[in-house]
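Presented below is the structure to which this report refers.
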Amino acid sequence: MKKILVTGSLGQIGSELTLHLRDKYGADAVVASDLKDGKGSPLAEGGPFETIDVMDAKMMAEVVAKHKIDTIIHLAALLSAVGEKNPSLAWNINMNGLVNALEVAKEYNCKFFTPSSIGAFGPSSPKDNTPQDTIQRPGTMYGVTKVAGELLCDYYFKRFGVDTRGVRFPGLISYTTPPGGGTTDYAVDIYYEAIKKKAYTSFIAEGTYMDMMYMPDALNAVSTLMEADPAKLIHRNAFNVTAMSFEPSQIAAEIKKHIPEFKMEYDVDPVRQAIADSWPNSIDATCAKEEWGFKAQYDLASMTTDMLEKLREKLA
Ligand code: NAD
Ligand code: SER
């Protein structure tokens with residue numbers, strides 16, 4: 001991984017993953033890119049930045065050739081709730097963008113990473129400790145594109161030898177860039193509102209368990225998987241990874257330990273609740289642990305302490 005291109009780098013994951021990779025491999029070794037221009041963003045100020053629409057394969061190929069890219073981290077996609085508002089756009093960006101990126105990786109012999117999601121599971125998947133290999137019949141367009149994307153990445157490895165790798169991320173919690181319209185966003189919003197208003201109205205119902213992970217663990221998961229010995233990777237793509245599983249009243253209780261006046265109310269959004277109900281309560285990350293040593297550092301308590309501390313500084 002001498003020269004890395006990150007697509008969708010201005011999003012929740014990319015804005016931190018680009019900096020994480022620049023810390024590890026050097027500022028000039030990581031080219032940030034997004035559909036939006038990077039003006040004023042620390043990514044454009046701290047290293048190379050290119051505007052790329054992933055729907056334009058030629059544009060992507062030109063940047064890859066220009067910077068002699070050997071690794072593509074493909075993040076540009078629409079998330080679950082936004083995808084349900086505009087399913088055909090979600091199909092277009094998530095699938096055609098991915099095919100374009102895989103084609104460029106094939107042509108320029110690049111290593112390739114793209115994330116799948118807990119959204120690749122559906123109501124007929126086992127709900128608890130969902131296995132790595134199991135039934136996947138998701139009910140959202142987001143999930144449909146994620147399952148198809150997992151299969152495509154396997155296909156490009158087997159058929160063309162592209163070194164594809166990936167994980168199924170759970171809901172990611174972070175303080176740098178707000179999430180882009182997912183079902184798990186409540187678990188980020190709650191921290192902002194706890195500091196600003198000492199109260200939060202959750203759009204996800206009490207008792208709804210979903211897997212989650214703090215961003216530092218997600219960043220480490222990407223770099224560890226990309227550096228893993230390929231001979232040990234049985235699955236390669238779509239590894240289940242998780243750090244914790246909780247439901248809204250548990251995160252509220254954890255916040256209350258720091259902000260005793262904090263109040264939680266519920267005003268459930270039927271669309272996002274239906275998505276959450278179709279996802280696992282918890283997934284099994286044994287394959288990621290065994291095949292490339294995945295390990296999360298943060299649990300709900302340590303994440304909450306850090307999130308509140310960092311957000312207090314940010315919002316001060
Ligand atoms: P995000 O919505 O925060 O960011 C996506 C970025 O892609 C945005 O900056 C957007 O401008 C860019 N983009 C959109 N259309 C584009 C196009 N046509 N060309 C180039 N860029 C375009 O998303 P994220 O949370 O950073 O997610 C990144 C990836 O990780 C996605 O594949 C997502 O499905 C996956 N994922 C995220 C989570 C999570 O909790 N954040 C969980 C599981 C999987
Ligand atoms: N956080 C993402 C979403 O809710 C999970 O893929 O869409």
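Atoms within a ligand are numbered from 1 in the order they appear, just like the ligands themselves.
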(Q) Taking Asp70 first and then Lys68, would you say they form a salt bridge - that is, a charged N and a carboxylate O separated by under 4.0 Å? (A) no
Q) What's the shortest distance from atom 28 (C) of ligand 1 to any protein heavy atom, and which residue and atom give it? A) Leu75 O, 3.2 Å
Q.
Quick check on contacts: which atoms of ligand 1 are under 4.0 angstrom from a heavy atom of Ser116?
A. 43 (C), 44 (C)
**Q.** Any donor-acceptor pair under 3.5 Å from Gln250 side chain to Glu247 backbone
**A.** yes
(Q) Polar contacts were defined as any N/O atom of the residue lying under 3.5 Å from an N/O atom of the ligand; does this apply to Ile93 and ligand 1? (A) no
Q: With heavy atoms only and a cut-off of under 4.0 Å, state how Ser33 meets ligand 1: side chain, backbone, both or neither.
A: neither
Q: Kindly identify the option in Thr183, Leu172, Ile275 whose heavy atom sits closest to atom 4 (O) of ligand 2.
A: Thr183
Q. Side chain, backbone, both or neither: which part of Gln12 comes within less than 4.0 Å of ligand 1 when only heavy atoms are counted?
A. both
Q) Can you find a side-chain donor-acceptor pair between His235 and Asp154 that sits under 3.5 Å? A) no
Q. So which protein heavy atom does atom 40 (O) of ligand 1 come closest to, and at what separation?
A. Leu172 N, 2.9 Å
**Q.** Ligand-side contact atoms (ligand 1) for residue partner Ile52, heavy atom cut-off under 4.0 Å
**A.** 19 (N), 20 (C)
Q: Would you confirm whether Ser80, through its side chain, and Thr183, through its main-chain N or O, come within 3.5 Å as a donor-acceptor pair?
A: yes
Q. Of all the non-hydrogen atoms in the protein, which one sits nearest to atom 21 (N) of ligand 1, and at what distance?
A. Leu35 N, 3.3 Å
(Q) Geometry only, no angles: is Val54 polar-contacting ligand 1 at N/O separations under 3.5 Å? (A) yes
Q: Could you find the nearest protein heavy atom to atom 32 (O) of ligand 1 and give me its residue, atom name and distance?
A: Lys146 NZ, 2.9 Å
Q) Near Ser117, which atoms of ligand 2 are under 4.0 Å from a heavy atom of that residue? A) 5 (C), 6 (O)
Q.
Within ligand 2, which atoms have a heavy atom of Leu79 less than 4.0 Å away?
A. 7 (O)
Q) Under 4.0 angstrom from atom 14 (C) of ligand 1, is there any protein heavy atom? A) no
Q.
Quick one: does any side-chain atom of Thr7 pair with a main-chain N or O of Ala76 as donor and acceptor, under 3.5 Å?
A. yes
**Q.** Greater than 12 external heavy atoms within 6.0 Å of Lys158's NZ
**A.** no
Q) Is NZ or CZ of Lys198 both nearer than 6.0 Å to the six-membered ring centre of Phe262 and within 45° of the ring axis? A) no
Q) Got a donor-acceptor contact below 3.5 angstrom from the Asp267 side chain to the Phe203 backbone? A) no
Q | For atom 35 (C) of ligand 1, closest protein heavy-atom neighbour | A | Pro115 CG, 3.8 Å
Q: Using a strict cut-off of 4.0 Å, indicate which atoms of ligand 1 neighbour a heavy atom of Asp53.
A: 17 (C), 18 (N), 19 (N)
Q. In terms of heavy-atom contacts, does CG of Asp37 have more than 12 from other residues, nucleotides or ligands at under 6.0 Å?
A. yes
Q | Lys310, NZ: over 12 other non-hydrogen atoms inside 6.0 angstrom | A | yes
**Q.** Flag if over 12 foreign heavy atoms under 6.0 Å of CG, Asn92
**A.** yes
Q) Ile13 and side chain to side chain contact (heavy atoms under 4.5 Å, CB included): which partner among Leu75, Val6, Ile73? A) Leu75
Q: Please verify whether a non-hydrogen atom of Gly171 lies at under 4.0 Å from ligand 1.
A: yes
(Q) If the cut-off is 4.0 Å to any non-hydrogen atom of Ser80, which atoms of ligand 2 fall inside it? (A) 3 (C), 4 (O), 7 (O)
Q. Backbone, side chain, both or neither: what part of Arg168 comes under 4.0 angstrom of ligand 1, heavy atoms only?
A. neither
Q | Residue Tyr142 vicinity, atoms of ligand 2 by number, heavy atom under 4.0 Å | A | 5 (C), 6 (O), 7 (O)
Q: Output yes when the distance from some N or O of ligand 1 to some N or O of Met55 is under 3.5 Å, and no in every other case.
A: no
Q) Nearest protein heavy atom to atom 34 (O) of ligand 1, by residue and atom, and its distance? A) Tyr142 OH, 2.6 Å
Q) Within the side chain of Thr134, is there an N or O that forms a donor-acceptor pair under 3.5 Å with the backbone of Thr130? A) no
**Q.** Nearest non-hydrogen protein atom, atom 7 (O) of ligand 1
**A.** Gly8 CA, 3.5 Å
(Q) Please state which option from Ala77, Pro179, Gly83 has its nearest heavy atom closest to atom 5 (C) of ligand 1. (A) Ala77
Q | For Pro170, atoms of ligand 1 separated by under 4.0 Å from a heavy atom | A | 40 (O), 42 (C), 43 (C)
Q | Carboxylate-amine/guanidinium contact Lys66 Glu50, below 4.0 Å | A | yes
(Q) Could you check whether any side-chain N or O of Lys127 sits under 3.5 Å from a backbone N or O of Trp279, counting only pairs where one atom can act as donor and the other as acceptor? (A) yes
(Q) I want to confirm something. Looking only at heavy atoms, which of Ala76, Gly180, Gly182 is nearest to atom 22 (C) of ligand 1? (A) Ala76
Q: Distance to 0.1 Å, residue and atom name: give those for the protein heavy atom nearest to atom 4 (O) of ligand 1.
A: Gly11 CA, 3.2 Å
Q: State whether the side chain of Arg236 and the backbone N or O of Cys153 hold a donor-acceptor pair below 3.5 Å, judged by distance alone.
A: no
(Q) Can you check which of Ile13, Val241, Leu10 brings a heavy atom nearest to atom 26 (O) of ligand 1? (A) Ile13
Q. So is Thr184 in contact with ligand 2, going by heavy-atom distances below 4.0 Å?
A. yes
(Q) Below 4.0 Å from ligand 2: does a non-hydrogen atom of Tyr186 turn up there or not? (A) no
Q | Residue selection (non-hydrogen contact nearest atom 23 (O) of ligand 1) among Thr114, Asp34, Leu79, Val188 | A | Leu79
Q: Determine whether the side chains of Glu265 and Ser202 contain a donor N or O and an acceptor N or O closer than 3.5 Å.
A: no
Q.
Determine whether a donor-acceptor pair (N or O, by modelled atom type, separation under 3.5 Å) exists between the side chain of Asp217 and the backbone of Tyr298.
A. yes
